[in-house]
Structure formats: C-alpha cells, structure tokens
Amino acid sequence: MFDIKSICNNPEAFDAGLKRRGMAAAAEDIIALDRMRRATQTELQELQRRRNEASKAIGVAKARGEDVAHEMAEVRDLKEEYQEFERGERDLAETLDTLLAAYPNIPAEDVPEGADEDANVEIRRWGEVPQIVGEAKQHFELGEALEMMDFERAAKISGSRFVVLSGALARLERALAGFMLDMHTEEFGYTEVAPPILVRENAAFGAGNLPKFSEDLFRTTDDYWLIPTAEMPLTNMIAGEILDETELPMRFASYTPCFRAEAGAAGKDTRGMIRQHQFGKVELVSITHPEKSNDEHERMTECAEEVLRRLGLHYRTVVLSTGDMGFSARKTYDIEVWLPGQNTYREISSCSNCGDFQARRMDGRFRSEGVKGTKFVHTLNGSGLAVGRALVAVLENYQNPDGSIVVPEVLHSRMAGLKRIG
RNA sequence: GGAGGGGUGGCCGAGUGGUUUAAGGCGCACGCUUGGAAAGCGUGUGUGCGUUAACGCGUACCGCGGGUUCGAAUCCCGCCCCCUCCGCCA
C-alpha cells in the first residue's frame, strides 16, 4: 500500500519502481484520480459550509420564535446537490484505495533487476557439496523404504500433496522444529509466540495476501483463512497499534503449520515433501524502527543461516531479483540448501524486508518521545526454517548406502539419544 | 445456540436533535516557579483535504454503510467488531 503523497511528490520514483517490477507506469493515472478526488472534495466542502451556516442561522432564529419556513426550504434545495458530491467523493476515494492496494512494494535500490529467478544473485555460500557414497537417493525413496513416510495413506486421507510421517521421522520433524525455535528464542532474542492459524480477512489483507492472491490460500466455510505462513498472524500483532519507540525492535518466533493451495503449481514437485498443502515452519518476524530495518534484515538472515550451519547442511544465499520477489517485499534473501538426491539447491528460507508496506496496510505505527505525530514501523519476516524441507535436507544429506540416516549431532538429545534412523 | 451490554481523540471517559468549536481527567510538550528537582500554576496538544506569505480560516472524521432532518456523536435501518452471562464442547 502506498502513500498517495509520496507518489504525487515523486511520480518518477514510483514509476521507476514499477518498471523494475516489470509493470507499466501508473503514477500519471493515480495522480489524475487523486486530483479529481480532491477537487470534488473541495466543492463538497464549500456546499457543506453554506449548509452549516444556514442551519445555524435557522437554529438561532427559531430560538427567537421567528418563522423560518422559507429558509428551511432553501437549505433543503441545497441537499440534493451536496449529496451528489458526497457520493462522487466516496466513489473516487474507493477507486483510488482499490487501485493503490493492488500495487506491489517498490524494490530496494540494491535489488538486482531481472524477470525471474535466473536473475537472482548468489551472495554467499557455506560448506561444501557432501560426498554421498553410492547413488544419492531422494528423500521420498529413503523415507518410504524406512516405512516412515507414507504418501499413499496421506492421499487416502487428504489427497495429493500431503504426507504421513511416523516413528523416527515424525520425531525428527518435531526435533527440528524444537531445535530451531529454542535457538531463536534462547540465543537470538526472539519471543516465542503461539498465534492463531485461522485469521480474518483484514489480517490477510494487511500482510498483502489479499485481495490479490486469494487463490493461493485455503478458506473455511465461515470465512476464516488458513495461514500460508505465521508471518500473517505475527505481523498483524501490531495492527492498529501505536507503539512506543522504546518497544522496538519487537522480535517474534513461531512454529506453526502452514497451508497453501498451490493453485499455480500443478505438476510441479509432485513427488515427495517439497511442495505440500500443509507443512510446518518456524517463522521469524521483526517489527523495527524505519532506520533499523536494513540491519535487522541482515541479522534475521544470519539467524536463519545459523540453523543450517549447526545442522551441517551446505547452503547458499541469494538475493532475489525484482522479478522473483513477493508482493509485499522490498528486498528478499532466499537461503537454498543443497539436496544431494535432487542434485540441486532448493529454497529452505526466505527473508524479506517489507519496509512500511505492510505497516501501512494494517496501520501499525510508533511514536518517538518529544516528536509530534506517528510514523509507520517497518516489518520483516523470514523462515527460520521451513521444517518440512529441513527434514528433506537432513534425509538426503545424511543418507547411508544402506538407506539409513545419520541423525545430526545437535538433534541427538531431542531424539532420545537416537543417532541413526533405520 | 440463547440473553444482554458496548465501540467517542495517544489513553480513560462525559455527552439522547441546535454556541459541541467533542466536557473533564490522564499522558505528553512548552512556559512560570526553584539552587536543582518534585509538587503547584499557566498555555498548548488528533488526522485527511482545501485555503493562506504567515497567524489562521473552512470542511470532514465519534466502529462501517445507508436513512430521517434546515441541522445527527445523539433518532431509524443494515453490517462489522469487542465484552458479559447461560447452554454445549476439547
């Protein structure tokens, strides 16, 4: 959501931002619409002023017991006219709001320009591609052979894009989630939050998922939306609030299920656990002072990467190009873990700085001592990490030729001492 | 599911048709006072839009949307949200 004033003050910057997103210039149309709205408002206000003046005079005259029938008839005639302007003003304002809500965030200046993920730029890499003895198997081959990962039964219960984990793999998922969550809360200053995972429309709007991307979400019959990420409830924690500057930054971490319709992904990643309708994720959200969000973005990405380092998983970090970024982001880092079974890097975390884009949509502000007025906070979110994909990564990276899995050392205590699965 | 209460500025809270130009309080800012502080006293303190060189002035906003009226925070209708009690339930 954009500040109409900033578009009017600097239309070139807005259009340049849209262009980097591969979109047509729009500032001219928006400004014309805004101008029309304000002109209508001015005329409306003049009519209202006349009405108020006359009505006040009627009140005074009536109190003196004078006959005011003529004056009342005169004001009555004004009514039709100003009601027309009232409607016009409201319609224009609504059109303008709807229009503004449909534009994605403007990319930060240091975001590489490009049409899609091919233009993403790798900025660092940790560890090395592990040497798998024998032919590297994919996670679902390993999981199914262990009889702890069951897609057939999941399909029987829920259809495609679901999985049933059992035994040590179910435990492994829980261990991974607990490991991540404890790390972020105990070492990195995040406050653990257990939020609702059904949310109302306004929360989905605030995060930027509605109204444009409703087809990506699941909805209940009584109009709750299932969260596609805990970013949705966590970011909305500050909706409609005016925080004190001293409360910033706020850092939240949650482990929740996430639900995605994957409407546009038909035929993509159909096998295995990479792309599911339901998956677990540990999510990080920060609410910061506008001047601190860039630093916080680096810090958050560091926190997410640290999880992979401790698990001993090779990864690289890329900055997304303008064409690959999400709707609400102004800059995004993706962390991609190496999957030997697929012989490629796959996204396991996405950390975004949304600037004030979401804060405007949900009206989240802060106040500084001694400063008049309020400012919008900045919001950031990042996976720390996607638990389902982390499980995939552990299976593929720690596989043995016999199909058994070595449990990473940092998880031993959470696996009741189990060092090897299978 | 049944019954009831409520939504007013940064916060609390008054306000059932006409100087409400939204009382009062808290908080905050500035000033006076003081050796310094506290207390006290005084002044100020929302947002959008328009207008003005500026001080200002005008207008809208009392959950949202309609309606009644010369005039609505106030009356009527619809919707959204919050709370309390009862019932059911993990």
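Proteins get letters first, then strands, A, B, ... in listed order; numbering begins at 1 in each. As the structure is a computational prediction, the values presented were derived from the model and not from experiment.
Distance A:Leu47 CG to B:U59 C1': 11 Å, rounded to the nearest Å. Distance A:Arg87 CZ to B:G67 C1': 12 Å, rounded to the nearest Å. Distance CD (A:Glu89) to C1' (B:G50): 12 Å, rounded to an integer number of Å. Whole-Å rounding puts the A:Arg365 CZ to B:G10 C1' distance at 9 Å. Rounded to an integer number of Å, the gap from A:Arg50 CZ to B:G58 P is 17 Å. Atoms CD1 (A:Ile238) and C1' (B:G10) sit 16 Å apart, rounded to a whole Å. Taking atom CG on A:Asn202 and atom C1' on B:G63, their separation rounds to 13 Å, with Å as the unit. Nucleotide B:G50 holds its C1' atom 11 Å from the CG atom of A:Leu44, rounded to whole Å.
Aromatic ring centres of A:Phe357 and A:Phe327 lie closer together than 6.0 Å. Side-chain rings of A:Phe218 and A:His277 approach one another, their centers coming within less than 6.0 Å. Ring pair A:Phe252/A:Tyr190: centre-to-centre distance not below 6.0 Å.
At a cut-off of 3.5 angstrom, the base of B:G50 holds no donor-acceptor pair with the side chain of A:Gln45.
Checking side-chain atoms of A:Thr288 against main-chain N and O of A:Lys292 turns up no donor-acceptor pair under 3.5 Å. Between the A:Arg21 side chain and the A:Asn105 main chain, a donor and an acceptor come within less than 3.5 Å of each other.
Contact check, A:Asn52 against B:C70: no side-chain N or O comes under 4.0 Å of OP1 or OP2. For A:Arg90, a side-chain nitrogen or oxygen approaches OP1 or OP2 of B:G66 to under 4.0 Å. OP1 or OP2 of B:A60 lies within a sub-4.0 Å distance of a side-chain N or O belonging to A:Arg51.
Between B:C49, B:G10, B:A60, one nucleotide has an atom nearer to the side chain of A:Arg367 than all others, and that is B:G10. With B:C49, B:U59, B:C70 as the choices, the nucleotide that has an atom nearest any side-chain atom of A:Gln48 turns out to be B:U59. The side chain of A:Ser55 approaches B:C70 more closely than any other nucleotide in the set B:A60, B:C70, B:G10. Considering only the side chain of A:Arg49, B:G58 comes nearest among B:G58, B:C82, B:A60.
Scanning all heavy atoms of the two residues, the minimum distance from A:Leu411 to A:Val407 falls at CB-CG1, 3.9 Å.
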Which side-chain N or O atoms in residues 5-20 of chain A pair as donor and acceptor under 3.5 Å with protein atoms at least two apart or in another chain?
| residue | atom | partner | partner atom | Å |
| --- | --- | --- | --- | --- |
| A:Ser6 | OG | A:Asp3 | O | 3.0 |
| A:Asn9 | ND2 | A:Lys5 | O | 3.4 |
| A:Asn10 | OD1 | A:Ala13 | N | 3.4 |
| A:Asp15 | OD1 | A:Ala26 | N | 2.8 |
| A:Asp15 | OD1 | A:Ala27 | N | 3.0 |
| A:Arg20 | NH1 | A:Ala108 | O | 3.1 |
| A:Arg20 | NH2 | A:Val111 | O | 2.4 |

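Nucleic acid contact for A:Ile58: base, since at least one base atom lies under 4.0 Å from a heavy atom of the residue.
Across the P atoms, B:G10 and B:U45 are found 14 Å apart, a figure rounded to whole Å. With C1' as the reference atom, B:G78 and B:C88 are 30 Å apart, rounded to whole Å. A distance of about 43 Å separates the P atoms of B:U43 and B:G67, rounded to the whole Å. Taking atom P in both B:A3 and B:C64, one finds a spacing of 27 Å when rounded to whole Å. Comparing the P positions of B:C75 and B:G56 gives a spacing of 35 Å, expressed to the nearest Å. Between the P atoms of B:G46 and B:A23, the separation comes to 11 Å (whole Å). Remark: the separation of the P atoms in B:G13 and B:G18 is 24 Å, to the nearest Å. Using atom C1' as the reference point in both B:G63 and B:G7, the two lie 6 Å apart (nearest Å).
Heavy-atom distances to RNA chain B give each of A:Ile4 and A:Arg76 a nearest nucleotide, and the one nearer the 5′ end belongs to A:Ile4.
Both the sub-6.0 Å distance and the 45° axial angle are not jointly satisfied by A:Arg414 relative to the ring of A:Phe179.
Each of A:Gln399, A:Gln342, A:Glu144, A:Glu396 was compared with A:His139 under the side-chain hydrogen bond (donor to acceptor under 3.5 Å, both in side chains) criterion, and only A:Glu396 meets it.
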Per-nucleotide pairing state of RNA chain B [Watson-Crick or G-U, under 3.5 Å; [ ] pseudoknot-crossing; | other strand]: ((((((((.[[[..)..(.....]]]((((((.......))))))((((((....)))))).[[[[[..)....]]]]])))))))....
